[in-house]
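These notes are about the structure you will find just below.
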Amino acid sequence: MYSFIFKSYIFNSHLLLVSEESQILLRILNGSFQTLDVIKERIFHDLFCSKANLDVIDMRQDNAVQKVNRDEQGSKDWSSKGNESNQEGDSTVGFNVLDAMLKRSLDRLKSMRERISSAEAGISNCTLEINFNKDAYVVRAMCLDGKLGAALSLWWDMIQNSIVPDVITHNYLINGLCKNGELEKAEWIVRGMLYRGPSPTCAAYNSLIRGYCLMNDVDKALNTFSTMANHGIIPNRVTCNILVHALCKKGLLEQAKNLFYKLLSKNHVRGSSDLITSTIMMDGCFKNGDTDQALAFWERMLKERIQVDKVSYNVVVHGFCLSHDVGTAYKYSCEMLKLGFIPDVYSYNTLVGALCRQGKTSDACYIYDVMTRMGVIPDQITYKMIIHGLCINKEIDRATCFLDYMLENSIIPEPLVWNVIIDGYGRCGDIQKASYIRGKMVAFGVLPNIYTYNALIYAKIKSGNFSAAQSLGKEMLLYGLTPDSVTYNLLIGAACNLGLLHSALQLHDELLRKGCHPDVITYTELLKLFCLQGMMREADKLFGKLLASGLAVDHVPFLILMKRYCRMREYNKVYDLYQQWLMTMPR
DNA sequence: CTAGGGTTAG
């Protein structure tokens with residue numbers, strides 16, 4: 001019998017009780033248990049030594065009492081085991097007294113259960129249930145693994161079998177769904193919890209709030225925030241951190257600050273949580289361009305003797321990089337180092353990124369060397385920034401070296417990285433190397449995308465091979481890629497420059513048929529062509545279409561037409577165009 | 001045990 005009692009005692013935090021009456025009863029039972037503290041520990045120990053006790057215990061309906069009777073057998077072993085090392089007599093007396101107490105309680109429980117059952121007939125046959133089941137752990141693991149469909153169906157199976165998982169398992173599910181953007185399902189689970197239990201906790205609501213923030217729906221997040229209050233759940237620091245972060249990201253610094261101070265006034269405990277909120281605020285200020293405000297938060301942290309950490313230093317370093325003050329950023333990096341914080345991949349990437357953006361690729365490569373020597377492993381982001389920076393600086397061969405480092409370290413770059421190098425070689429007119437990289441990309445299992453093809457088409461055109469460019473345009477269709485306006489603009493532009501009127505018009509026609517939208521570049525290229533060919537009627541017509549299209553028109557089409565009409569000495573036309581051009585300018 | 005802060009961006 002005691003084995004049953006103590007199993008339920010240990011798991012009583014997982015007990016699901018729908019009715020108030022049964023909760024009262026549980027409290028009575030718990031009261032009895034408290035007198036058993038002496039032997040509790042030993043039985044607790046036994047419980048954890050015996051795997052068999054981890055099975056589901058079914059306490060439903062009449063089973064409850066039967067179960068107790070069945071377990072009575074086993075309890076003898078338990079108590080005798082216990083007696084080996086403890087005062088023999090005391091325990092036995094204790095058991096006898098408690099036997100009586102508990103039996104009385106259980107009889108009352110039985111009658112209460114019957115009344116509850118008849119009252120809730122059909123609604124709930126899982127009123128009293130121990131929510132301990134190894135399936136719950138499978139649900140958790142599936143959630144962490146991102147297998148939410150499977151997790152949901154297993155959870156549903158459990159519910160159907162009247163086994164209600166504990167609140168933490170529910171939180172795993174809710175959190176997984178929220179991270180996946182499946183907010184409706186998460187909300188549905190929370191509603192179910194409100195109805196059948198276990199009651200949702202702060203963590204569940206925090207997951208929902210974060211989920212809405214990730215969907216960029218701060219209003220919904222704030223709604224959930226008040227729903228939570230309506231259910232009597234007090235938000236904690238995590239709640240506030242999520243909301244402060246979201247408000248900062250939206251640029252609502254004032255609202256974020258208000259929430260920040262509200263949080264501080266409510267809670268006087270200083271510690272790591274305050275550090276996180278302050279770091280979020282500081283980061284928000286830096287990103288919204290308010291360096292002074294950010295530094296004010298930094299100073300406040302130092303004044304309040306909040307122990308700053310690596311992350312807050314990284315935020316400051318990044319903040320100065322954002323305000324184009326790499327010198328000061330570097331100073332803070334050194335300060336951080338002096339204080340004994342070991343820079344991590346974030347610290348180095350921040351500096352590498354800032355240096356690349358300034359075109360200081362040699363310095364960026366130097367930082368790369370330092371980080372590898374310090375044993376910090378460069379990641380995708382490090383390589384991406386360096387390769388991009390080098391390609392912008394036309395140091396394509398050096399960029400290719402970094403691509404090789406990546407491959408040597410079994411990091412397969414995303415298409416963007418390959419595309420940047422292919423584009424770099426193409427722009428330098430090195431079609432061989434561009435094609436070689438594309439071949440390597442395919443060999444590593446990375447599929448070329450529309451950017452790859454546009455870069456290759458550009459390369460072909462640049463090297464004067466229009467027909468090769470055209471066949472690339474056909475080839476991409478085989479891979480299921482649809483040419484976009486950039487592709488057509490490249491090809492139309494090339495055709496125009498070669499004076500291939502027919503090809504250009506054909507391509508333009510194809511563009512329209514494919515449902516692509518011609519942009520200013522398309523119009524400008526064709527306009528140039530018509531002017532070169534002296535087809536002024538078509539040129540005027542096209543120009544009218546461009547102005548009517550609602551596209552933002554720059555000066556180039558005006559200049560092309562005006563130049564042409566100048567040469568034709570049609571100065572009235574030139575003047576008209578000039579007036580029209582003035583009209584398009586912002587006053 | 002579950003929830004919260006920092007690096008990139010054709």
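Numbers restart at 1 for each chain; the letters A, B, ... are given by sequence-line order, proteins then strands.
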Problem - Which nucleotide in B:dC1, B:dA3, B:dT7 has an atom nearest any side-chain atom of A:N349 - result: B:dT7

Exercise for the section: Using a 4.0 Å heavy-atom cut-off across all strands, classify A:V311 as base, sugar-phosphate, or nothing. Expected result: base

Exercise for the section: Scan A:K287 against the nucleic acid and name what it touches under 4.0 Å (heavy atoms): base, sugar-phosphate only, or nothing. Expected result: sugar-phosphate

Practice task
Looking at every strand, decide which applies to A:D344 at a 4.0 Å heavy-atom threshold: base, sugar-phosphate, or nothing.
Solution key: base

Exercise for the section: Could you go through the side chain to side chain donor-acceptor pair (under 3.5 Å) check for A:Y313 and A:S333 one step at a time? Expected result: CA-CA 7 Å; A:Y313 260 104; A:S333 296; over 6 Å; no

Fill in the blank from the handout: Ranking B:dA3, B:dT7, B:dC1 by distance to the side chain of A:S207, first place goes to B:dA3

Problem - Heavy-atom check, side chain of A:L152 versus side chain of A:L177, under 4.5 Å - result: yes

Exercise for the section: Classify the side chain of A:D309 versus the base of B:dG5 as yes if they form a donor-acceptor pair under 3.5 Å and no if they do not. Expected result: yes

Exercise for the section: Find out whether A:K249 and A:V218 are in side-chain contact, i.e. whether some heavy atom of one side chain is under 4.5 Å from a heavy atom of the other. Expected result: no

Practice task
Select one nucleotide: of B:dA3, B:dT8, B:dG4, the one nearest the side-chain heavy atoms of A:R237.
Solution key: B:dG4

Problem - Heavy atoms from other residues, nucleotides or ligands near NZ of A:K147 exceed 12 (cutoff 6.0 Å) - result: no

Practice task
May I ask you to say what A:S312 touches in the nucleic acid, namely base, sugar-phosphate or nothing, with a heavy-atom cut-off under 4.0 Å?
Solution key: base

Practice task
Could you tell me the separation between the CD atom of A:E475 and the CG atom of A:L456, rounded to the nearest 0.5 Å?
Solution key: 8.5 Å

Practice task
Taking only the side-chain heavy atoms of A:Y346 (C-beta and beyond), determine which of B:dC1, B:dG5, B:dT7 contains the nearest atom.
Solution key: B:dT7

Practice task
Taking only the side-chain heavy atoms of A:N241 (C-beta and beyond), determine which of B:dG4, B:dT7, B:dT2 contains the nearest atom.
Solution key: B:dG4

Completion exercise
Closest to the side chain of A:H245, out of B:dC1, B:dG5, B:dT8, is B:dG5

Problem - Closest to side chain of A:H388, choosing from B:dG4, B:dT2, B:dA9 - result: B:dA9

Fill in the blank from the handout: Closest of B:dA3, B:dG4, B:dT7 to the A:N175 side chain is B:dA3

Problem - Distance-only donor-acceptor test, A:N236 side-chain atoms vs B:dA3 base atoms, 3.5 Å - result: yes

Handout entry: Given B:dG5, B:dT8, B:dT2, the nucleotide with the shortest approach to the side chain of A:K384
Key = B:dT8

Practice task
Remember a base hit wins even if backbone is also touched, and classify A:I280 as base, sugar-phosphate or nothing at under 4.0 Å, heavy atoms.
Solution key: sugar-phosphate

Practice task
Using a heavy-atom cut-off of under 4.0 Å over every strand shown, decide if A:I242 touches base, sugar-phosphate, or nothing.
Solution key: sugar-phosphate

Fill in the blank from the handout: Testing B:dG5, B:dC1, B:dT2 for proximity to the side chain of A:R140, the answer is B:dC1

